[in-house]
Amino acid sequence: MSGLRTRLEQLDRLAGDIANAKTAGYKAERVTTNAVERPNFGRTLQAAVDVAPGPGHLDFRPGSMERTGRDLDFALEGRGFFVIDTPQGTRYTRNGNFSLAADGTVTTADGHAVQTEKGPLKVGKATGPVSVADDGTVSVGTKAAGKLRIVDFDDYSTLQREDLGRFRAPGTAAPVDAEATTVRAGMLEASNVSVVDRMVALTEVARGFEALQRGLNILSTELDGRAITELGRR
């Protein structure tokens with residue numbers, strides 16, 4: 001049963017990666033398992049060991065750069081994250097597929113403001129082409145609208161993934177200014193999920209799940225048969 005539960009969670013994680021294979025800036029997750037000993041079952045099961053899902057390890061290797069030619073598509077070359085403001089607090093993302101709200105604020109696809117070093121990025125009604133310099137300075141025509149806030153973290157293992165390729169940093173993880181990071185205009189960083197790799201892993205986990213399920217069914221059938229036989233004799 002512990003093996004079935006563990007593989008079910010692995011299937012969920014792998015399915016999440018495959019579903020986000022086309023999400024810009026998405027990072028794949030490597031699944032692990034832990035052995036959980038059960039020393040308190042008496043002599044019969046003294047050596048019994050359960051398996052439990054281990055912590056997921058996010059793969060922060062960069063995805064490939066894909067050119068879109070769209071003014072509000074930005075990609076980060078090097079370490080770092082864009083900063084966005086959400087009702088739940090500050091979040092961080094590599095997904096630079098941004099949009100323009102009615103009031104001229106640059107937002108994520110679901111309407112959360114992209115942050116500059118001085119607050120939300122606003123380009124007004126964009127009377128000229130929107131461009132971005134390598135250092136993150138966004139301009140409308142020849143007029144600068146603000147400089148994108150791009151941050152980094154010393155330890156990526158503390159970041160917690162949320163929906164849409166976003167990350168939340170715990171209070172102990174303080175962001176720092178990203179160094180040697182270049183902003184590329186008209187481009188997006190693709191997901192780093194390898195669909196082939198994830199499908200192979202999905203097949204292996206699914207087969208393990210099926211094998212354990214068959215074993216459990218056989219054990220259940222054997223126990224039922226033995227119970228009928230033994231009770232019948234009494």
Side-chain angles (χ1 to χ4, degrees), residues 20-28 58-86 89-159 161-169 173-194:
N20 285 280
K22 296 297 184 181
T23 301
Y26 183 87
K27 302 303 178 188
L58 294 176
D59 180 2
F60 281 97
R61 288 179 296 180
S64 60
M65 294 288 183
E66 297 184 349
R67 183 170 296 281
T68 67
R70 184 171 171 270
D71 286 352
L72 290 177
D73 281 345
F74 305 148
L76 296 178
E77 186 174 26
R79 291 172 61 95
F81 300 86
F82 298 109
V83 181
I84 59 177
D85 184 36
T86 76
T90 302
R91 295 295 185 264
Y92 308 93
T93 185
R94 299 273 298 186
N95 185 352
N97 179 216
F98 300 138
S99 301
L100 192 62
D103 65 353
T105 301
V106 176
T107 69
T108 59
D110 55 345
H112 301 312
V114 179
Q115 298 296 297
T116 69
E117 296 176 340
K118 297 181 179 180
L121 175 60
K122 293 181 178 289
V123 298
K125 294 186 178 180
T127 55
V130 177
S131 61
V132 61
D134 290 353
D135 67 350
T137 299
V138 178
S139 300
V140 180
T142 59
K143 184 179 179 181
K147 185 176 181 182
L148 290 166
R149 187 182 176 204
I150 301 169
V151 302
D152 198 10
F153 295 88
D154 293 329
D155 183 5
Y156 284 0
S157 67
T158 62
L159 298 180
R161 184 165 65 183
E162 297 184 348
D163 293 337
L164 303 176
R166 293 177 191 155
F167 300 93
R168 178 171 65 88
V176 297
D177 291 337
E179 297 180 359
T181 303
T182 302
V183 181
R184 298 300 185 193
M187 302 184 74
L188 289 174
E189 178 189 356
S191 164
N192 69 355
V193 172
S194 167

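Looking at heavy atoms from C-beta onward, Phe74 lies out of side-chain contact with Val114 at the 4.5 angstrom threshold. Residues Leu121 and Thr105 form no side-chain contact, since every pair of their non-hydrogen atoms from C-beta on lies 4.5 Å or further apart. Within the 4.5 Å cutoff, no side-chain heavy atoms of Ile84 are placed close to those of Thr90.
Among residues two or more places apart in sequence or in another chain, the side-chain hydrogen bond (donor to acceptor under 3.5 Å, both in side chains) test is passed with Asp135 by Thr137. The side-chain hydrogen bond (donor to acceptor under 3.5 Å, both in side chains) check on Thr68 picks up Asp73, with sequence neighbours excluded. Taking Arg67 as the reference, nothing meets the salt bridge (charged side-chain N to carboxylate O under 4.0 Å, His left out) condition, with sequence neighbours excluded.
Classification of Arg184 and Asp134 as a salt-bridged pair holds, one side-chain N sitting under 4.0 Å from a carboxylate O.
In this structure, the separation between CD on Glu162 and CZ on Phe167 is 10.0 Å, given to the nearest 0.5 Å. The line from CD of Gln115 to CD1 of Ile150 is 13.0 Å long, rounded to the nearest 0.5 Å. For the atom pair Asn20 CG and Tyr26 OH, the distance stands at 4.5 Å (nearest 0.5 Å). Between atom OG1 of residue Thr158 and atom CZ of residue Arg168 there is a gap of 10.5 Å, rounded to the nearest 0.5 Å.
Nearest heavy-atom pair across Pro120 and Ala113 is CB-CB, 4.1 Å. Nearest heavy-atom pair, Leu72 versus Ser99, reported as atom, atom and distance to 0.1 Å: CD1-C, 3.7 Å. Between Gly165 and Thr93, the shortest heavy-atom distance links the atoms O-OG1, 3.3 Å. Residues Leu159 and Ala169 approach most closely at CD2-CB, 3.9 Å, considering heavy atoms. The shortest non-hydrogen separation linking Val140 to Ala145 is CG2-CB, 4.4 Å.
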**Report entry** Residues Thr108, Leu164; criterion side chain to side chain contact (heavy atoms under 4.5 Å, CB included); working and verdict
**Finding:** CA-CA 10 Å; Thr108 59; Leu164 303 176; over 6 Å; no
Query raised in the report: Checking side chain to side chain contact (heavy atoms under 4.5 Å, CB included) for the pair Thr107/Leu100: CA distance, chi angles, key distance, verdict?
Result: CA-CA 6 Å; Thr107 69; Leu100 192 62; over 6 Å; no
Report task. Output, in order, the C-alpha distance, side-chain angles, deciding distance and verdict of side chain to side chain contact (heavy atoms under 4.5 Å, CB included) for Val183 and Leu76. Result -> CA-CA 5 Å; Val183 181; Leu76 296 178; 3.9 Å; yes
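For residues 97-120, every residue pair satisfying the salt bridge (Lys or Arg N to Asp or Glu O under 4.0 Å) rule, not counting sequence neighbours, is listed here: Asp103-Lys122, Asp110-Arg166. Residue pairs meeting the salt bridge (Lys or Arg N to Asp or Glu O under 4.0 Å) criterion with at least one partner in residues 147-156, sequence neighbours excluded, are Arg79-Asp152.
Classified by interplanar angle (parallel below 30°, tilted 30° to 60°, perpendicular above 60°), the ring pair Phe82/Phe98 is perpendicular.
Between Phe153 and Tyr92, the ring centre distance stays below 6.0 Å.
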Got a list of side-chain donor-acceptor pairs under 3.5 Å for residues 186-193, not counting sequence neighbours?
{"unit_1": "Glu189", "atom_1": "OE1", "unit_2": "Arg94", "atom_2": "NE", "d": "2.8"}
{"unit_1": "Glu189", "atom_1": "OE1", "unit_2": "Arg94", "atom_2": "NH2", "d": "3.0"}
{"unit_1": "Glu189", "atom_1": "OE2", "unit_2": "Lys27", "atom_2": "NZ", "d": "2.5"}
{"unit_1": "Glu189", "atom_1": "OE2", "unit_2": "Gly63", "atom_2": "N", "d": "2.8"}
{"unit_1": "Ser191", "atom_1": "OG", "unit_2": "Val193", "atom_2": "N", "d": "3.1"}
{"unit_1": "Asn192", "atom_1": "OD1", "unit_2": "Ala28", "atom_2": "N", "d": "2.8"}
{"unit_1": "Asn192", "atom_1": "ND2", "unit_2": "Asp59", "atom_2": "O", "d": "2.8"}
{"unit_1": "Asn192", "atom_1": "ND2", "unit_2": "Arg61", "atom_2": "O", "d": "2.8"}

